[in-house]
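Worksheet: the structure to be examined is printed underneath.
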Amino acid sequence: DKTGYPVATLDASMDLEADLGIDSIKRVEILGALQERLPGVPPLSPEAAGELRTLGQIVGHLAGSSPAAAPPAAIPTAAAAPAGTSAPISREHVQHALFAIVNDKTGYPLDTLEPGLDLEADLGIDSIKRVEILGALQEQMPHLPELTPESAGELRTLGQIVAHLVGATPDAVATEATPASAALPVAEARLRPLAPPDRLELALPANACCLITDDGSPLAAALAARLTAQRWPIVIVRLPGIIDAEPAGPHVALSDMSETQLVDVLRQIGEAHGPVAAFIHIQPQAHDGAAGMQHQKDVLRHVFLAARQLSPDLNRAGRAAYAAFVTITRIDGQLGLASHTPHTAIAGGLFGLTKTLRQEWPLVSCRAIDIAPEVDAEQAAEWIEAELYDPDRTVVEVGLGAIGRVTIAADVERR
């Protein structure tokens, strides 16, 4: 269902990555669906899942087969633990463990985390990252009650997760954690100025190429020209509906927005130009109306699919020399925080994807860049080139425009 491989072609000995091309993102999605369909199977943490290479090893692990058939036995659930074998775990202990894992997986300092913080609205934790965090917590504290994907989706705050796991209701912990007389923690996003980027001397791996998606503006051609001058082999990928002049140099056009067409085009590029070491997506400007909104959604979906297909190439390039996954939006140059500028929220999905990939692909330089729409193509291309050569991997979101180079920081206050 998740990959399109016919059931008859699947075999227990198949390697998820080498044989089926299933990357870590798709693996989390598949295991989440399996947990939803078979809620009685032991939870499988991302760390444990990463050690299981074949379909058969996953089945063996979840079924509790012998070490000879699979890696070590599955993590026991609270229901499976014999009575009296462990003392009750305090709420403070669970909260401390959860906060430590959130700190490790997202980088938020421990002293900024509060029970009332919303995972998505305040911390920007998407469903994939949520599964990873909860899996790590389950592995660290295996006797906690099992948290299914359905129940996890209903728990909005860190405090509600803790309450659910120690057996209280979400409402009860919210009342206990934040009495009427206490100040509520509020996380606010603000823009933080960034210094100009440093320049790392780098080169793509031998015989590799860089893909740039054509957004229909002069930016793709301007960026291709700058990177070609730096000896980057460039291939421009034209999305359906783009009608500007033919780009100079190698280019290929997608005839439709299907995954089949995307896979075929990427295969052709690999055969003609070598593996992809850098992917730069320029998001087309949004058009009014339902058709324009749907096109934005289709393009966003295509970037997700491209990330999945390019994962092996980009990670190999990162191990060998250098690799990059970069998304470009033209919202307001302030990462959507300039309230006077109307824009569609769909392009914001690129920021979530890029931040997730930064965690999934530590060897790939992942960056989401927002450039003010009024900036001309030549200046924008110069700025993008500078970001590509920046060695600071801790910066993942960058806004460029009238107020300079900025990123987003979270301020937590009590009100």
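All of these numbers come straight from a predicted model, not from anything done at the bench. Any value given below was found using the heavy atoms of this structure, including those in side chains, with hydrogens, waters and symmetry copies removed.
Using a 4.5 Å heavy-atom cutoff, the side chains of L137 and M141 are in contact. The closest side-chain heavy-atom distance from W232 to L388 is below 4.5 Å. Contact of the I328 side chain with the W383 side chain is not registered, since no non-hydrogen atoms from C-beta on lie closer than 4.5 Å. Using a 4.5 Å heavy-atom cutoff, the side chains of T329 and I371 are not in contact. Residues L31 and I58 meet the side-chain proximity criterion, which asks for heavy atoms closer than 4.5 Å. Residues V162 and P115 are not in side-chain contact: their nearest non-hydrogen atoms beyond the backbone lie 4.5 Å or more apart. Looking only at side-chain heavy atoms (C-beta outward), V395 and R367 come within less than 4.5 Å of each other. Side chains of V398 and D390 form no contact here, defined as non-hydrogen atoms less than 4.5 Å apart.
The main-chain N or O of L335 is found under 3.5 Å from a side-chain atom of D332 such that the two form a donor-acceptor pair. Between the side chain of R190 and the backbone N or O of A409 there is no donor-acceptor pair closer than 3.5 Å. In this structure, the side chain of D370 engages the main chain of I331 through a donor-acceptor pair within 3.5 Å.
Shortest non-hydrogen contact noted between P240 and M257 is CD-SD, 3.3 Å. Between A307 and L357 the shortest heavy-atom distance is CB-CD1, 3.9 Å. In this structure, I282 and T213 approach most closely via the heavy-atom pair N-OG1, 2.8 Å. Residue V299 comes nearest to P284 through the heavy atom pair CG1-CD, 4.0 Å, listed as atom of the first residue, atom of the second, then distance. In terms of heavy-atom proximity, A222 sits nearest to A377 at CB-O, 3.9 Å. Across every non-hydrogen atom of E114 and F99, the tightest pair is C-CZ, 3.8 Å.
The CD atom of Q261 sits 9.5 Å away from atom CG of L266, with the distance rounded to the nearest 0.5 Å. The CG atom of L55 lies 8.0 Å from the CD1 atom of I30; values are rounded to the nearest 0.5 Å. Here D215 contributes atom CG and R238 contributes atom CZ; the two are 10.5 Å apart, rounded to the nearest 0.5 Å. Here the CG atom belonging to L155 is positioned 11.0 Å from the CG atom belonging to D118, to the nearest 0.5 angstrom. For the atom pair L16 CG and R27 CZ, the distance stands at 5.0 Å (nearest 0.5 Å). A distance of 7.0 Å separates CD1 in I280 from CD1 in I384, rounded to the nearest 0.5 Å.
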query = After noting the C-alpha distance and the side-chain angles of D313 and R316, does the key distance pass the salt bridge (Lys or Arg N to Asp or Glu O under 4.0 Å) rule?
reply = CA-CA 5 Å; D313 279 1; R316 277 193 293 268; 2.8 Å; yes
request  = Determine, stepwise, if the pair E17 / R53 fulfils salt bridge (Lys or Arg N to Asp or Glu O under 4.0 Å).
outcome  = CA-CA 8 Å; E17 185 173 352; R53 305 300 305 171; 3.6 Å; yes
request  = Determine, step by step, whether C209 and V276 satisfy the side-chain contact (heavy atoms from CB on, under 4.5 Å) criterion, reporting the C-alpha distance in whole Å, the side-chain angles of both residues, the deciding distance to 0.1 Å, and the verdict.
outcome  = CA-CA 5 Å; C209 68; V276 176; 4.1 Å; yes
message = I'd like to know whether R301 forms a side-chain contact (heavy atoms from CB on, under 4.5 Å) with L305, so could you lay out the CA-CA distance, the side-chain angles of the two residues, the decisive distance to 0.1 Å, and finally the verdict.
response = CA-CA 6 Å; R301 174 179 175 273; L305 294 175; 3.5 Å; yes
Evaluation steps, side-chain contact (heavy atoms from CB on, under 4.5 Å), between V237 and I269 = CA-CA 10 Å; V237 178; I269 291 172; 3.9 Å; yes
request  = Using the side-chain contact (heavy atoms from CB on, under 4.5 Å) rule, take L98 and Q95 through it: C-alpha gap first, then chi angles, then the decisive distance, then the call.
outcome  = CA-CA 5 Å; L98 177 61; Q95 179 173 298; 5.7 Å; no
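Sequence neighbours left out, the pairs with a member in residues 191-208 that pass side-chain hydrogen bond (donor to acceptor under 3.5 Å, both in side chains) are R199-E385.
Atom CG of D1 has 12 or fewer heavy atoms from other residues, nucleotides or ligands within 6.0 Å.
Under the rule for a ring-ring contact (aromatic ring centres under 6.0 Å, His included), the partners of F325 that lie at least two apart in sequence or sit in another chain are F279, W361. Scanning for side-chain hydrogen bond (donor to acceptor under 3.5 Å, both in side chains) contacts around R308 gives E259, with sequence neighbours left out.
Between T327 and H281, the side chains place no donor N or O within less than 3.5 Å of an acceptor N or O (distance only, hydrogens not considered).
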